[in-house]
2 protein chains.
Amino acid sequence: MSRRSDDDLARAWHELMSRYHRVSCVLDRALQSTHGISGSEFAVLEQLAETRPDNTLRMHDLGEHAHVTQSALSRLVARLEADGLVHRQMCVDDRRSVWARLTPAGLDLYRAARPTQREVLRTEGGDCLAAVGSAFVATGALAR
Amino acid sequence: MSRRSDDDLARAWHELMSRYHRVSCVLDRALQSTHGISGSEFAVLEQLAETRPDNTLRMHDLGEHAHVTQSALSRLVARLEADGLVHRQMCVDDRRSVWARLTPAGLDLYRAARPTQREVLRTEGGDCLAAVGSAFVATGALAR
DNA sequence: GAGCAATCTATGCACCTGCATCTAATGCGT
DNA sequence: ACGCATTAGATGCAGGTGCATAGATTGCTC
């Protein structure tokens, strides 16, 4: 691996960081000011809202696709529960686990916040994010 | 803008988040355990190390290409100075400004840490990050 | 079924971040 | 020279995050 390509890689990474942080920041502010939730919280609400049939997921499964650590997720869901957006309940078949279920209020908030998120992605991310995102997936860039 | 393409956009964004956070997390841990600095700190050291001729930048200019707020940068540089990696000095021509200059120790640490960062980018980012990164830039995805 | 490793969630702790604000210094218009 | 808006950086504060660990429960092995 040549020094040159390493530097190219570093430049690409730096560029990605800049763009990612900007979009992420705009998204956070939009969701926070309009609906009082953070981007991470929105992601969790979305995950639950897309879960059939009852908008319920074990904490551990929720963590599988989350972008935060287990401890952060635990507190994040605790916040959502305190706000009445999510209900936590002990798993009957495995009492170590906890079910997180979206409340009606949580579903309402998600549905209200989704257009905000989508608009930011359109405005900040641009139409081509989808294509590039697909390219990311297709090429396996950043892949494990 | 159709609902379908909005959802594609959201999926692409979610995918990007996953990959970005994973690489970012691995990078942070590698730099922290091996050299005792965070990814943000490395980025600042790199910015200064690449500045000719004297590895010196005004705080404000340093912030131009940083991925953190002004307040975070102020504290970040304060930490680097406490560790002897950076020296802060009042600007003579504009006494509001502050020069941040990389110390020899800071340059040494950057040079030692760079291979670690490059290796993580190669391993985690994969060879294709460079190509995809360029695609990002070329297509203007995530662009302002 | 007793012992023990593994799994799942919660929490103490330290640290980093952003927001709002403060102080200091500069530039500008009169 | 004066007043005032602007700019640069530092800091109080509240809040979110990761790491390490604790507490509870389950599964596995003998």
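Note on naming: letters A, B, ... go to the chains in the order of the sequence lines (proteins, then strands), and numbering restarts at 1 for each one.
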Self-check item: Close residues, residues 87-95 of chain A, relative to DNA chain D [heavy-atom separation under 4.0 Å]
Solution: A/Asp94, A/Arg95

Exercise. Please report, rounded to the nearest Å, how far the C1' atom of D/dG16 is from the CG atom of A/Asp83.
Key: 14 Å

Self-check item: Protein-nucleotide distance (B/Glu81, atom CD; D/dA10, atom C1'), rounded to Å
Solution: 13 Å

Self-check item: Value rounded to 0.5 Å, distance of CZ in B/Arg75 from CD in B/Gln70
Solution: 9.0 Å

Exercise. Can you label the angle between the B/Tyr20 ring and the A/His21 ring as parallel, tilted or perpendicular, going by 30° and 60°?
Key: perpendicular

Quiz item: In whole angstrom, what separates B/His60's NE2 from D/dT6's C1'?
Solution: 12 Å

Self-check item: B/Met59 CE to C/dA25 C1', straight-line distance once rounded to whole Å
Solution: 17 Å

Practice problem: Would you kindly confirm whether B/Leu102 and B/Trp99 end up in one hydrophobic cluster when ILVMFWY residues are joined by side chain heavy atoms under 4.5 Å apart? | Solution: no

Self-check item: side chain to side chain contact (heavy atoms under 4.5 Å, CB included) between B/Arg96 and B/Cys91, intermediate numbers included
Solution: CA-CA 7 Å; B/Arg96 291 171 302 184; B/Cys91 225; over 6 Å; no

Self-check item: A/His35 side chain vs A/Ala112 backbone, donor-acceptor pair below 3.5 Å
Solution: yes

Quiz item: Ion pair present between A/Arg114 and A/Glu50, side-chain N to carboxylate O less than 4.0 angstrom?
Solution: no

Interface polar pairs with nucleotides 15-18 of chain C, N/O, under 3.5 angstrom:
| unit_1 | atom_1 | unit_2 | atom_2 | d |
| --- | --- | --- | --- | --- |
| C/dT17 | OP1 | B/Ser40 | OG | 3.4 |
| C/dT17 | OP2 | B/Arg79 | NH2 | 3.4 |
| C/dG18 | OP2 | B/Thr69 | N | 2.9 |
| C/dG18 | OP2 | B/Thr69 | OG1 | 2.7 |
| C/dG18 | N7 | B/Ser71 | OG | 3.2 |
| C/dG18 | O6 | B/Arg75 | NH2 | 2.8 |

Quiz item: Expressed in angstrom and rounded to an integer, what is the separation of A/Leu62 atom CG from C/dC8 atom P?
Solution: 14 Å

Quiz item: In whole angstroms, how far is the P atom of C/dT9 from the CG atom of A/Leu57?
Solution: 10 Å

Self-check item: Integer-rounded Å distance: C/dT7 P and A/Glu64 CD
Solution: 12 Å

Quiz item: So, the side chain of B/His60 versus the backbone of B/Ser97: is there a donor-acceptor pair under 3.5 Å, distance only?
Solution: no

Quiz item: Between B/Leu27 (CG) and D/dG18 (P), how many Å, whole number?
Solution: 15 Å

Quiz item: Does a distance-only test, which skips hydrogens and angles, find a donor-acceptor pair under 3.5 Å between the side chain of B/Arg96 and the base of D/dT7?
Solution: yes

Quiz item: Does the pair A/Arg11/A/Glu15 count as a salt bridge with the N-to-O cut at 4.0 Å?
Solution: no

Quiz item: At under 4.0 Å between heavy atoms, what does A/Ser74 touch on the DNA or RNA strands: base, sugar-phosphate, or nothing?
Solution: base

Quiz item: If you measure from CE on A/Met17 to NE2 on B/His65, what distance do you get to the nearest 0.5 Å?
Solution: 12.5 Å

